[in-house]
Amino acid sequence: MLDRNVVREKPDRVRWAIETKGVDIADLDAIIEMDERWRELKAEGDDLRRQRNEISERIGELKRAGDEAEAEEAIKQSGTLKSQLDAVEEEADDLEERIRKQELLLPNIPHDDAPDGEDEADNVEVHRWGFDQIRELPEEIIPHYDLAEEMELIDFSRGAKVAGGGFQFLKGDGARLEYALLMFMLELHREEHGYHDIFPPIPVKSTAMQGTGQFPKFFVDDAFRIGGKNDEPYDDDDLWLLPTAEVPVTNMYAGEILLDEDLPLKHVAFSPNFRREAGEHGTQTRGYVRVHQFNKVELVNFVRPDESDKRHEGLVREAEEVLRRLGLPYRVIEICTGDMGTPHHRQFDLEVWAPADDMPDGPERGGRWLEVSSASNFTDFQARRAGLRYRPERHESAEYIHTLNASGIALPRAVVAIMEYYQNDDGTITIPEVLRPYMNGQEIIEGHDPVGESAVGAGRRD
RNA sequence: GCCAGGAUGGCCGAACGGUAAGGCGCACGCCUGGAAAGCGUGUUCCCAUACGGGAUUCUGGGUUCAAAUCCCAGUCCUGGCGCCA
């Protein structure tokens with residue numbers, strides 16, 4: 001949500017943000033018009049109420065003095081004022097509610113340095129890492145979805161049987177690789193980047209989804225609703241499966257006032273994430289790349305307003321460090337104004353290199369980019385929605401903090417990159433060194449034998 | 001799940017139909033050689049350029065000229081009982 005004073009004083013900036021982000025459901029003119037009328041009514045209502053307060057006070061005095069006749073007269077007057085007041089306040093309340101609803105649709109204003117652009121084609125590559133000394137790769141790299149099924153590390157078809165398409169079983173060393181990545185990331189952020197661990201609740205209320213900006217409108221179709229269908233109306237405390245730990249963790253201190261010495265607050269959260277990804281099917285999404293349930297380590301920061309730009313840089317570095325330690329080549333891109341999300345002020349994405357499948361937008365040497373992290377500065381946009389404030393000095397009034405977050409990082413695509421980039425000629429997978437302590441010292445993943453009669457059909461008969 | 005009690009400012013805590021005491025913390029000032037103590041002022045939100053005004057006792061309704069206070073519903077917390085990985 002934007003500061004209403006910004007809407008009043010800099011409508012052109014807001015209009016520009018609406019246009020560049022293409023938020024066509026936001027109606028700025030209607031907001032401005034309603035706000036002007038609301039302020040008129042507010043002044044009128046305050047004045048009527050003042051008159052009524054004066055009369056009410058006099059009634060008390062008259063009653064105490066025993067002057068019943070005068071008191072009756074005053075009570076009558078008070079009644080007249082009340083009906084006038086009711087009419088004015090009803091209109092004002094109605095307007096206020098309509099303004100609030102509209103305000104929730106306004107996008108955040110992009111950072112001045114964010115590249116101006118229309119869509120992802122205008123995103124700007126900031127830098128690449130790891131391409132100078134690439135490890136020796138097999139002639140023909142097997143895509144992770146084939147390799148993982150063959151090695152019995154991921155079971156897509158049985159996942160679909162049990163939970164539907166987009167859900168999968170991780171098995172044996174596949175599951176262990178996922179656990180190892182998880183523990184490695186948590187430990188890196190906690191021990192070296194100063195993060196505090198959080199394990200959040202998985203269901204979140206509609207109000208939490210609104211606090212971070214997923215609701216209303218922007219994410220409803222992609223959310224997993226608990227009880228009820230997505231296209232049906234929802235209440236504030238209806239529950240949804242979290243699409244990212246950003247939602248529960250950012251809303252954790254909703255409606256609270258933090259102390260100056262609490263900041264900056266750095267939380268690292270692990271959670272599964274649930275997304276419907278409606279209609280996303282095809283070669284781009286095959287395998288463990290775009291699924292309905294996936295694990296992610298999320299970094300959430302609360303900072304003082306003047307520190308968010310600097311912290312944003314630090315946040316990108318912290319996410320990058322995960323890929324560097326894993327030895328996975330990647331690039332950082334800055335998202336242009338037209339491609340960034342509604343609540344975003346500035347956004348950098350980390351894309352890891354998955355060398356098996358050549359995709360049109362991939363790097364020159366083949367393979368493709370997979371987004372594994374999105375590092376974002378939301379300024380006070382989420383803080384206003386969720387009511388996240390801090391008190392700069394004990395005696396001063398509270399101010400909205402700035403929120404930032406970054407994936408640190410999404411696990412499935414890291415698994416994909418490892419399966420493809422660390423693939424060997426003999427079809428085994430070398431485990432990145434930093435993960436070995438979390439896998440009992442194991443260095444290589446060789447796969448497992450299939451289970452059941454389907455194994456016979458797969459050509460493994462004796 | 002049942003029964004009982006509770007929710008008041010950053011924190012603690014009074015008032016129980018007549019318009020929100022007091023304390024702590026914090027800030028500023030006075031005092032002091034300096035500090036402590038003491039004293040004074042301030043310390044929520046909204047409208048208004050300002051003077052000033054309005055709102056605010058968990059949330060939403062209701063009764064009343066008037067609600068922190070009475071009534072109804074909800075949320076959360078605490079205690080007891082029950083149930084239970």
Side-chain angles (χ1 to χ4, degrees), chain A residues 1-10 31-103 199 201-211 226 233-239 248 251-263 265 302 304 380 383-401:
Chain A
M1 200 155 54
L2 297 173
D3 184 345
R4 200 171 288 179
N5 288 316
V6 170
V7 176
R8 284 172 188 158
E9 287 159 22
K10 297 179 181 170
I31 293 176
I32 292 171
E33 198 178 311
M34 289 191 290
D35 180 55
E36 277 170 10
R37 175 69 183 144
W38 177 80
R39 285 194 281 176
E40 281 173 28
L41 290 166
K42 164 84 173 152
E44 204 177 320
D46 280 358
D47 188 55
L48 286 166
R49 201 170 269 278
R50 178 186 55 76
Q51 292 182 43
R52 200 171 75 114
N53 286 343
E54 284 170 7
I55 288 181
S56 202
E57 197 171 341
R58 204 162 76 234
I59 292 168
E61 286 165 11
L62 291 168
K63 287 264 187 190
R64 272 190 297 272
D67 195 340
E68 287 300 325
E70 286 266 346
E72 274 311 309
E73 184 59 32
I75 287 172
K76 229 187 207 165
Q77 263 185 54
S78 172
T80 314
L81 280 171
K82 183 169 182 177
S83 52
Q84 291 175 0
L85 183 62
D86 282 348
V88 170
E89 290 197 331
E90 196 187 319
E91 192 186 340
D93 289 349
D94 181 56
L95 271 176
E96 172 64 29
E97 198 186 317
R98 280 161 58 198
I99 293 168
R100 263 217 322 274
K101 262 192 184 149
Q102 274 292 323
E103 265 178 338
F199 183 60
I202 308 303
V204 291
K205 292 182 185 179
S206 312
T207 45
M209 293 285 259
Q210 182 171 297
I226 302 180
Y234 56 84
D235 289 330
D236 281 354
D237 34 3
D238 282 347
L239 292 171
N251 283 283
M252 193 171 162
Y253 303 104
E256 295 191 43
I257 297 173
L258 302 172
L259 300 173
D260 184 62
E261 59 260 37
D262 292 331
L263 304 176
L265 202 52
F302 300 124
R304 299 179 191 94
D380 61 355
R384 284 180 187 279
R385 291 174 158 248
L388 298 164
R389 296 182 294 168
Y390 84 114
R391 210 173 286 285
E393 297 280 350
R394 289 290 171 91
H395 65 288
E396 286 180 15
S397 56
E399 275 183 38
Y400 289 103
I401 58 165

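Reminder, nothing fancy here: chain letters follow the sequence lines and each chain counts from 1. All of these numbers come straight from a predicted model, not from anything done at the bench.
- Separating the CZ atom of A:Arg52 from the C1' atom of B:A67 is a distance of 12 Å, rounded to the nearest angstrom.
- Using a 4.0 Å heavy-atom criterion, one finds that A:Arg100 contacts no nucleic acid atom at all.
- For the pair A:Glu57 CD and B:G53 P, the interatomic distance rounds to 12 Å; values are reported in whole Å.
- Going from atom CG of A:Asn5 over to atom C1' of B:A48 covers 13 Å, rounded to whole Å.
- No hydrogens or angles were tested; on distance alone, a donor-acceptor pair under 3.5 Å links the side chain of A:Ser56 to the base of B:U19.
- Using a cutoff of 4.0 Å between basic side-chain nitrogens and carboxylate oxygens, A:Arg4 and A:Glu96 are scored as salt-bridged.
- A:Asp46 contributes a side-chain N or O that forms a donor-acceptor pair with the base of B:G53 under 3.5 Å.
- Comparing the P positions of B:U75 and B:U59 gives an interatomic distance of 16 Å, to the nearest angstrom.
- Across the protein-nucleic acid pair, A:Asn53 atom CG and B:U19 atom C1' stand 8 Å apart, rounded to whole Å.
- Considering only side-chain N and O atoms, A:Arg49 lies under 4.0 angstrom from the phosphate OP1 or OP2 of B:A55.
- Distance CD1 (A:Ile257) to C1' (B:C26): 14 Å, rounded to an integer number of Å.
- Spacing between B:G9 and B:A68 at atom P, rounded to whole Å, works out to 14 Å.
- Between A:Ala43 and A:Glu89, the residue anchored closer to the 5' end of RNA chain B is A:Ala43, taking for each the nucleotide with the nearest heavy atom.
- For the pair A:Gln51 CD and B:A66 P, the computed distance is 16 Å after rounding to whole Å.
- The phosphate of B:A66 has neither OP1 nor OP2 within less than 4.0 Å of any side-chain N or O from A:Ser78.
- Taking a pair to require two hydrogen-bonding distances under 3.5 Å in either a Watson-Crick or a G-U wobble arrangement, B:A50 remains unpaired.
- Between A:Asp3 and A:Arg384 there is a salt bridge, since at least one side-chain N of the basic residue sits less than 4.0 Å from a carboxylate O of the acidic one.
- Between A:Arg391 and B:G10, a side-chain N or O to OP1/OP2 separation shorter than 4.0 Å is present.
- Across all strands shown, the partner of B:C65 is B:G18, judged by Watson-Crick or G-U wobble contacts whose two distances both fall under 3.5 Å.
- Ion pair A:Arg49/A:Asp46 not flagged as a salt bridge, since none of the NZ, NE, NH1 or NH2 atoms sits closer than 4.0 Å to an Asp/Glu carboxylate oxygen.
- Using the Watson-Crick or G-U wobble rule with both distances under 3.5 Å, B:C30 pairs with B:G38.
- Of the nucleotides present, B:U75 is the one that pairs with B:A7 by Watson-Crick or G-U wobble criteria, both distances under 3.5 Å.
- Along RNA chain B, the nucleotide closest to A:Leu259 and the one closest to A:Lys205 are compared, and the more 5′ of them pairs with A:Leu259.
- Per the geometry, CG belonging to A:Asp237 stands 14 Å off P belonging to B:G60, to the nearest Å.
- Side chain of A:Arg304 to backbone of A:Leu263: a donor-acceptor contact under 3.5 angstrom is found.
- Salt-bridge check for A:Glu61 with A:Arg58: failed, with every basic side-chain N at 4.0 Å or more from each acidic carboxylate O.
- Applying the 6.0 Å contact sphere to CD of A:Glu256 captures more than 12 heavy atoms from other residues, nucleotides or ligands.
- Each of B:G53, B:A48, B:C65 was ranked by its minimum atom distance to the side chain of A:Arg39; first place goes to B:A48.
- Ion pair A:Arg98/A:Asp94 flagged as a salt bridge, since at least one NZ, NE, NH1 or NH2 atom sits closer than 4.0 Å to an Asp/Glu carboxylate oxygen.
- Checking B:G25 for Watson-Crick or G-U wobble geometry (two distances, each under 3.5 Å) identifies B:U43 as its partner.
- Atom C1' of nucleotide B:A48 and atom CG of A:Leu41 are separated by 15 Å, given to the nearest angstrom.
- Residue A:Lys82 places at least one side-chain N or O closer than 4.0 Å to OP1 or OP2 of B:A66.
- Across every strand in view, B:G1 sits in a pair with B:C81 that passes the Watson-Crick or G-U test at under 3.5 angstrom.
- The shortest distance between the side-chain N/O atoms of A:Arg50 and the OP1/OP2 oxygens of B:C47 is not below 4.0 Å.
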